[in-house]
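Remarks on the structure that follows.
Values below: every heavy atom of this structure, side chains too, minus hydrogens, waters and symmetry copies.
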Amino acid sequence: MNAATQIKVLVVDDEDLFRRSLRKELNRMGYSVRTAETAEKGLKELHSCPPDVVLLDVHLPDQNGLQVLGIIKEQHPTVEVIMLTAFGSIDSAVEAMRSGAYNYLTKPSKLDEIDLLIQKAFEKKSLRLENRALKKKLHLKSNHEIVTGSSTKMKDLLELVDRVAPTDQTVLIQGESGTGKELIARRLHRLSPRHDRPFVLVDCSSLQKSLLESELFGHGKGAFTGAVTARRGLLEAADTGTLFVDEVGVLEAEIQAKFLRMLESHEYRRVGETTWRQADVRIVAATNIDLAEAVYQNDFREDLFFRLSVIVLQLPPLRARQKDIPVLVEHCLKRAQTSGPQKTLSSQALEDLIQYAWPGNVRELRNVIERACLLAEKDVIEPWNLGLLARNGDRTMQQLVQEDNLVSMRELQSLYMKFVLGKVHGHQVKAAEILEVDPKTIYRNLHKR
């Protein structure tokens with residue numbers, strides 16, 4: 001296949017004979033070529049079907065070619081531009097290169113020289129796109145992201161996330177604490193056209209309600225006692241990027257009204273100011289409460305709820321996705337161990353993790369694994385290293401008393417042994433001393449099937 005095949009070229013030049021001749025020759029060589037005789041027509045061609053490479057004359061009848069170069073690099077930064085002129089000079093060449101041109105040619109130029117420059121310019125563009133794609137993939141794996149799973153629920157959720165991410169739609173993420181709402185929000189941002197712009201988080205539950213409005217919208221000088229200077233808010237800090245509003249359900253009615261106006265009109269005012277400002281941000285909100293129920297209870301505005309819930313992502317709790325736990329555990333183990341021998345889980349320890357209720361969800365799982373890696377003295381992590389024994393033991397003892405759930409003496413002995421072992425963080429010798437038994441008895445009890 002000809003190396004020029006599939007390479008799209010746009011020639012913008014006011015010399016009719018040169019433009020037609022160059023188009024004919026480049027088409028013969030396999031390039032896909034379009035032409036324009038003015039800057040205005042060239043930019044229209046550029047926007048309708050962006051080329052890979054532009055051959056751009058410096059002197060055009062309606063606009064300076066260097067100005068057009070600036071427009072191209074601003075609006076289509078991946079398009080490579082080769083400047084052409086019949087009045088070549090070092091000054092204009094340097095200016096063109098500083099403005100982002102790939103190279104500079106003086107007319108008349110040899111066809112093989114033009115061909116070579118187009119090929120190299122296209123290679124540069126392809127390499128840049130490959131690097132960008134690679135960086136995006138690496139970025140998705142960074143920040144210890146634990147947004148994964150083989151369960152149908154998680155596969156469907158992540159498929160929806162990836163489909164919605166490239167849009168500018170407002171997204172509402174719902175789920176219990178610790179399920180990974182912030183990680184989903186960051187994934188939405190990284191896969192969006194705004195990925196190289198700011199990602200700003202505002203945690204509504206961690207701010208005093210009296211300060212939340214100022215933090216979100218900013219304030220003017222003298223807006224309140226202590227406001228000695230004007231200050232921009234998090235909304236302004238997220239300009240052209242993504243604003244992640246965590247725990248949006250705690251917003252007070254007055255702030256809800258202002259937030260709704262911003263969503264509908266893309267305008268807002270700083271506290272204490274009268275000037276309206278433009279908001280160019282994508283909003284991703286999250287909550288661990290049922291916002292629909294909050295609307296029913298008159299605790300949340302119905303119109304704001306509908307505006308936020310254009311797209312709703314419901315994160316399932318970890319107890320509802322047991323199939324994902326082995327994958328998450330493997331990820332947590334790799335994250336927790338940066339040096340030394342790599343520790344693994346015994347089959348019983350993994351089974352305990354799968355059967356545990358996980359009230360703290362993925363966050364709790366991550367903490368349990370990190371703690372076990374630190375405390376386990378051997379390379380294999382056993383159940384008593386997880387710290388789940390005491391929690392399960394507490395729950396079991398309560399059930400025995402409150403639910404009259406009678407068990408055999410042997411089973412009760414085993415449960416109590418695990419309960420004590422959990423209380424001493426898996427230290428078998430200490431547990432044996434408390435129980436007044438041989439440590440081997442504990443070991444046999446824990447390993448029997």
Side-chain angles (χ1 to χ4, degrees), residues 74-75 77 132-133 135-148 157-175 177-207 212-218 231-251 255-256 258-270 276-288 291 304-315 362-363:
E74 179 182 355
Q75 299 181 359
R132 180 176 295 181
K135 286 180 179 179
K136 183 176 287 189
K137 288 182 179 178
L138 293 174
H139 203 46
L140 277 173
K141 297 180 180 179
S142 66
N143 299 320
H144 306 302
E145 181 179 289
I146 313 180
V147 183
T148 185
L157 174 69
L158 294 179
E159 182 181 343
L160 179 58
V161 169
D162 293 353
R163 191 161 67 246
V164 170
T167 73
D168 245 1
Q169 291 285 9
T170 301
V171 177
L172 176 64
I173 307 173
Q174 296 190 135
S177 295
T179 49
K181 296 187 290 294
E182 181 182 340
L183 293 176
I184 290 293
R186 290 186 181 277
R187 185 185 183 102
L188 286 166
H189 176 70
R190 282 194 294 270
L191 294 177
S192 77
R194 299 174 182 263
H195 66 274
D196 57 349
R197 308 304 299 164
F199 176 90
V200 178
L201 182 152
V202 51
D203 184 354
C204 301
S205 64
S206 67
L207 295 169
L212 184 54
E213 183 180 2
S214 173
E215 286 291 320
L216 187 58
F217 298 107
R231 180 184 177 187
R232 70 175 188 165
L234 296 176
L235 184 62
E236 196 170 342
D239 187 50
T240 71
T242 301
L243 180 67
F244 176 46
V245 186
D246 199 10
E247 301 305 341
V248 68
V250 306
L251 289 178
I255 302 180
Q256 287 182 35
K258 294 182 178 181
F259 194 58
L260 175 64
R261 178 184 175 86
M262 184 277 296
L263 285 171
E264 292 181 333
S265 67
H266 304 289
E267 292 182 334
Y268 68 97
R269 289 188 298 193
R270 289 178 176 177
W276 289 100
R277 298 174 181 271
Q278 292 295 312
D280 177 15
V281 295
R282 183 189 192 174
I283 299 297
V284 178
T287 179
N288 62 4
L291 275 191
L304 177 55
F305 170 68
F306 287 133
R307 192 65 184 80
L308 288 174
S309 57
V310 176
I311 301 292
V312 178
L313 301 175
Q314 186 69 47
L315 269 67
V362 180
R363 184 185 296 121

Counting C-beta onward and ignoring hydrogens, is there a side-chain heavy-atom pair between Leu188 and Leu313 closer than 4.5 Å?
yes
Taking the side chain as everything from C-beta on, heavy atoms only, tell me whether Ile184 gets closer than 4.5 Å to Leu158.
yes
In Å, rounded to the nearest 0.5 Å, how long is the span from CG of Leu315 to CG of Leu157?
5.5 Å
Can you name the salt bridge (Lys or Arg N to Asp or Glu O under 4.0 Å) partners of Glu267, sequence neighbours left out?
Arg261
Sequence neighbours excluded, which residues qualify as side chain to side chain donor-acceptor pair (under 3.5 Å) partners of Gln256?
none
Set of salt bridge (Lys or Arg N to Asp or Glu O under 4.0 Å) partners for Glu182, sequence neighbours left out
Arg186
Going from CH2 on Trp276 to CD on Gln278, what distance comes out if it is rounded to the nearest 0.5 angstrom?
10.5 Å
Which residues satisfy the ring-ring contact (aromatic ring centres under 6.0 Å, His included) test with Phe199, sequence neighbours excluded?
His189
Heavy-atom pair of closest approach, residues Leu235 and Leu243:
CD1-CD2, 3.7 Å
Using the side chain to side chain contact (heavy atoms under 4.5 Å, CB included) criterion, which residues pair with Ile255? Sequence neighbours excluded.
Leu212, Glu213, Leu216, Phe217, Leu251
Return the set of residues passing side chain to side chain contact (heavy atoms under 4.5 Å, CB included) with Pro166 (not counting sequence neighbours), or none when no residue passes.
none
Residues forming a side chain to side chain contact (heavy atoms under 4.5 Å, CB included) with Gln314, sequence neighbours excluded:
Gln174
Indicate whether any N or O donor in one side chain lies under 3.5 Å from an N or O acceptor in the other, for Arg197 and Thr240.
yes
Is the shortest side-chain heavy-atom distance between Leu304 and Leu263 below 4.5 Å?
yes
Can you name the residues that form a salt bridge (Lys or Arg N to Asp or Glu O under 4.0 Å) with Arg163, not counting sequence neighbours?
Glu159
With heavy-atom distances below 4.5 Å as the criterion, would you say the side chains of Asn288 and Thr179 are in contact?
no
Asp239: what forms a side chain to side chain contact (heavy atoms under 4.5 Å, CB included) with it, not counting sequence neighbours?
Asp280
Closest heavy-atom pair, Leu291 versus Gly249, reported as atoms and distance to 0.1 Å, is CD2-CA, 3.9 Å
Quick one: list whatever passes side chain to side chain donor-acceptor pair (under 3.5 Å) with Asp246, sequence neighbours left out.
none
Can you measure from CD (Glu264) to CZ (Arg307) and round to the nearest 0.5 angstrom?
6.5 Å
Listed by chain and number, what are the side chain to side chain donor-acceptor pair (under 3.5 Å) partners of Thr170, not counting sequence neighbours?
none
Measure the CZ-CG distance between Phe244 and Asp203 for me, rounded to the nearest 0.5 Å.
8.5 Å
One should read off an interatomic distance between Thr287 OG1 and Ile173 CD1, to the nearest 0.5 angstrom, of 11.0 Å
What residues form a salt bridge (Lys or Arg N to Asp or Glu O under 4.0 Å) with Arg231, not counting sequence neighbours?
Glu215
Nearest-0.5 Å distance, CZ of residue Arg194 to CZ of residue Arg282:
8.0 Å
